[in-house]
Amino acid sequence: MLALTDFSSRLIAWQRIHGRHDLPWQNTRDAYRIWLSEIMLQQTQVSTVIPYYARFLERFPTVTALADAPIDDVMALWAGLGYYSRARNLHRCAQVVAHEHGGAFPQTVEALAMLPGIGRSTAAAIASFAFAARATILDGNVKRVLARVFGVEGFPGEKRVENAMWALAESLLPDAANKDEVTAYTQGLMDLGATLCVRGKPDCVRCPFASDCVAKVEGRQRELPAARPKKAVPTRKTWMLILQDGDSVLLQKRPPVGIWGGLWSLPEAADEAALAEVARDLGAEHLQRLAPLSHTFTHFKLDIEPRLGEACSAPRELMNAETVWAPLAKIDAYGVPAPVRKLIDALSGSLI
DNA sequence: AAGTCGGGGTC
DNA sequence: GACCCAGACTT
């Protein structure tokens with residue numbers, strides 16, 4: 001077994017030379033910026049987050065600016081990033097920080113973890129990066145590194161395995177003679193997992209732990225960490241109405257909970273006949289079949305049957321806070337799910 | 001403990 | 001396609 005006291009010092013030394021130092025949310029102790037990045041990075045890769053992060057900071061430079069913004073603006077800016085409960089919790093968290101903490105994030109892991117959308121690992125990351133607190137993270141990167149280096153068996157999503165990893169991660173924390181060490185250590189865990197100890201083909205040649213790593217020594221990089229148990233994903237089917245009136249389409253707001261919660265989407269029905277009824281109620285005519293679209297989520301597959309309709313007698317009196325005509329040119333102002341956005345974009349293209 | 005919640009990167 | 005990503009939250 002690798003000497004535990006050596007792990008952190010070797011990781012910190014590696015991070016200072018070979019780690020990432022120029023990500024947009026690094027080189028700052030601004031808790032707001034760090035928090036925003038950590039929420040966006042939950043289950044989301046760095047390259048995906050970067051453009052969203054830049055747009056958010058430009059639009060909401062401070063936690064107070066974010067707290068004061070309408071939730072619809074937040075959802076519109078988040079659209080396409082996924083896991084939309086993160087956006088609602090982000091907004092709620094900003095309001096709690098602004099109104100109950102005087103605009104400053106609390107500095108302890110315990111207090112941070114009480115805020116909406118901040119769990120144990122994210123709290124530790126914020127505390128470590130913003131306040132140099134001695135706290136450990138346990139994200140996908142860390143689970144992979146620990147499983148390989150220390151030969152931790154079992155699927156990390158299983159409670160027993162996860163608990164063991166939390167304990168191991170805690171035991172590996174450096175004593176932190178100076179403030180920057182915990183930050184470099186936490187960043188090192190992430191960097192090692194994201195740049196060398198990757199899932200597919202780990203770059204063991206460059207790894208500071210290659211000579212001690214259980215997975216490397218035993219040639220089991222592909223087996224560790226253990227994969228998630230397979231599970232069949234069901235298929236659902238839905239019919240969507242693209243109701244067009246000149247350069248506008250009709251959007252309806254989805255309920256706050258459930259899939260695409262709080263986003264703007266198209267009128268929907270469970271079958272062809274039900275959609276025809278929805279279309280009739282909305283004054284749609286000349287219903288036209290469009291190419292089906294399939295979208296795979298984490299736990300189910302969605303087959304979409306789009307129908308294009310013309311708003312011949314569109315009842316404007318039906319318009320309310322939950323139903324709007326959105327100009328195609330201003331669709332960015334609405335939070336629209338990615339596959340729905342794809343459908344609307346295809347329509348815009350065909351109009352040109 | 002198991003289910004819910006996105007979209008895209010990468011092999 | 002399969003599998004996962006700087007996970008949190010609900011049931």
Side-chain angles (χ1 to χ4, degrees), chain A residues 19-20 23-26 34-53 75 78-90 92-93 112-129 135-145 147 155-163 165-166 169 183 186-195 197-202 222 225-234 254-263 265 294-302 335-342:
Chain A
R20 299 173 292 183
L23 295 171
W25 40 86
Q26 289 184 301
I34 291 163
W35 161 72
L36 178 61
S37 75
E38 291 303 328
I39 301 301
M40 288 187 164
L41 286 160
Q42 288 170 356
Q43 296 291 285
T44 310
Q45 295 183 349
V46 166
S47 59
T48 303
V49 164
I50 287 176
Y52 285 87
Y53 183 75
M75 298 307 293
W78 195 277
L81 199 53
Y83 282 163
Y84 298 97
S85 64
R86 288 186 297 173
R88 291 189 295 278
N89 284 333
L90 185 86
R92 284 175 45 210
C93 182
L112 285 165
M114 290 180 65
L115 295 169
I118 301 180
R120 181 174 175 183
S121 186
T122 298
I126 298 169
S128 166
F129 290 139
T136 190
I137 59 170
L138 187 65
D139 59 18
N141 286 317
V142 184
K143 287 175 178 173
R144 192 169 49 255
V145 168
F155 171 53
E158 188 184 331
K159 201 63 184 174
R160 183 183 57 82
V161 179
E162 190 177 345
N163 286 340
M165 285 188 165
W166 272 114
T183 303
T186 303
Q187 190 65 51
L189 281 176
M190 293 175 168
D191 292 349
L192 193 68
T195 65
C197 197
V198 294
R199 186 173 68 87
K201 264 186 65 176
R222 206 172 55 81
R228 170 186 299 276
K230 292 185 202 301
K231 202 180 38 169
V233 297
R254 299 181 62 86
V257 294
I259 200 79
W260 298 331
L263 269 66
S265 190
S294 185
H295 189 74
T296 303
F297 295 89
T298 305
H299 51 298
F300 68 94
K301 188 161 89 78
L302 185 65
V336 177
V340 175
R341 177 61 191 263
K342 200 176 296 183

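Chain letters run A, B, ... following the sequence lines, proteins first, then strands; residues in each count from 1.
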Could you walk me through whether A/N89 and A/L115 pass side-chain contact (heavy atoms from CB on, under 4.5 Å), step by step? CA-CA 9 Å; A/N89 284 333; A/L115 295 169; over 6 Å; no
Have a look at A/A125 and say if it touches a base, only the backbone sugar-phosphate, or nothing, with a 4.0 Å heavy-atom cut-off. nothing
At under 4.0 Å between heavy atoms, what does A/R120 touch on the DNA or RNA strands: base, sugar-phosphate, or nothing? sugar-phosphate
Sugar-phosphate only, base, or nothing, as touched by A/V142 at under 4.0 Å among non-hydrogen atoms: nothing
Between A/D191 and A/G117, name the one whose nearest nucleotide on DNA chain C is closer to the 5' end. A/D191
Rounded off to whole Å, could you give me the CD1-to-P distance for the A/I137 and C/dC5 pair? 13 Å
Counting only side-chain N and O atoms of A/W260, is one of them less than 4.0 Å from OP1 or OP2 of B/dG7? yes
Any idea which of B/dG9, C/dA6, B/dG7 is nearest the A/V46 side chain? C/dA6
Under 4.0 angstrom, heavy atoms only, what part of the nucleic acid is A/T122 near: base, sugar-phosphate, or nothing? sugar-phosphate
For the side chain of A/R199 and the base of C/dC4, is some donor closer than 3.5 Å to an acceptor across the two? no
With respect to the phosphate group of C/dC5, does any side-chain polar atom (N or O) of A/Q43 fall under 4.0 Å of OP1 or OP2? no
Determine, stepwise, if the pair A/R160 / A/N163 fulfils side chain to side chain donor-acceptor pair (under 3.5 Å). CA-CA 5 Å; A/R160 183 183 57 82; A/N163 286 340; over 6 Å; no
Quick one: label A/L189 by what it contacts on the DNA or RNA (base, sugar-phosphate, nothing), any heavy atom closer than 4.0 Å. nothing
Rounded to the nearest 0.5 Å, what's the gap from CD on A/E162 to NZ on A/K143? Could you check? 4.0 Å
Distance between the C1' atoms of C/dC4 and B/dG6, in whole angstroms? 13 Å
In whole Å, what separates the P atom of C/dA6 from that of B/dT4? 24 Å
Just the rounded figure in Å: distance from C1' of C/dC4 to NZ of A/K230. 13 Å
A/R20 near the nucleic acid: base, sugar-phosphate alone, or nothing, with a heavy-atom cut-off under 4.0 Å? base
How are the rings of A/W25 and A/Y53 set to each other: parallel, tilted or perpendicular (split at 30° and 60°)? perpendicular
Does A/R228, at its CZ atom, have more than 12 non-hydrogen atoms belonging to other residues, nucleotides or ligands within less than 6.0 Å? no
Verify the contact: side-chain N or O of A/Y83 to OP1 or OP2 of B/dT4, cut-off strictly under 4.0 Å; return yes or no. no
Any donor-acceptor N/O pair under 3.5 Å between B/dG6 base and A/T44 side chain: yes
Side-chain donor/acceptor of A/S121 to base of C/dG7, under 3.5 Å: no
Along DNA chain B (nearest heavy atom to each residue), the more 5'-positioned of A/K201 and A/V257: A/V257
For A/Q42 and for A/G200, find the nucleotide of DNA chain B with the closest heavy atom, then tell me which residue's nucleotide is more 5'. A/Q42
Answer with base, sugar-phosphate or nothing: what part of the nucleic acid does A/L23 contact at a heavy-atom distance below 4.0 Å? base
May I ask you to say what A/W25 touches in the nucleic acid, namely base, sugar-phosphate or nothing, with a heavy-atom cut-off under 4.0 Å? base
Determine the contact category for A/I259: base if any of its heavy atoms lies under 4.0 Å from a base atom, sugar-phosphate if only primed atoms, P, OP1 or OP2 are that close, otherwise nothing. sugar-phosphate
Nearest 0.5 Å, please: how far is CD1 in A/I34 from CD1 in A/I39? 12.5 Å
Whole-Å distance between C/dA6 C1' and A/M190 CE? 4 Å
From NZ of A/K231 across to P of C/dC3 the rounded distance in Å is 13 Å
With nearest nucleotide decided by heavy atoms, which residue, A/S37 or A/N89, maps closer to the 5′ end of DNA chain C? A/S37
Please determine if a side-chain N or O atom of A/R228 lies less than 4.0 Å away from the OP1 or OP2 oxygen of C/dA2. no
Touch check for A/G80, heavy atoms < 4.0 angstrom, all strands: base, sugar-phosphate only, or nothing? sugar-phosphate
Which part of the nucleic acid, if any, lies within contact of A/E162, taking any heavy atom under 4.0 Å across all strands shown: a base, the sugar-phosphate backbone alone, or nothing? nothing
Can you check the distance between C/dA8 and B/dG8, where both ends of the measurement are the P atom (answer in whole Å)? 22 Å
Taking OP1 and OP2 of B/dC5, is either one under 4.0 Å from a side-chain nitrogen or oxygen of A/H299? yes
How long is the span from the OG1 atom in A/T44 to the OH atom in A/Y52, to the nearest 0.5 Å? 9.5 Å
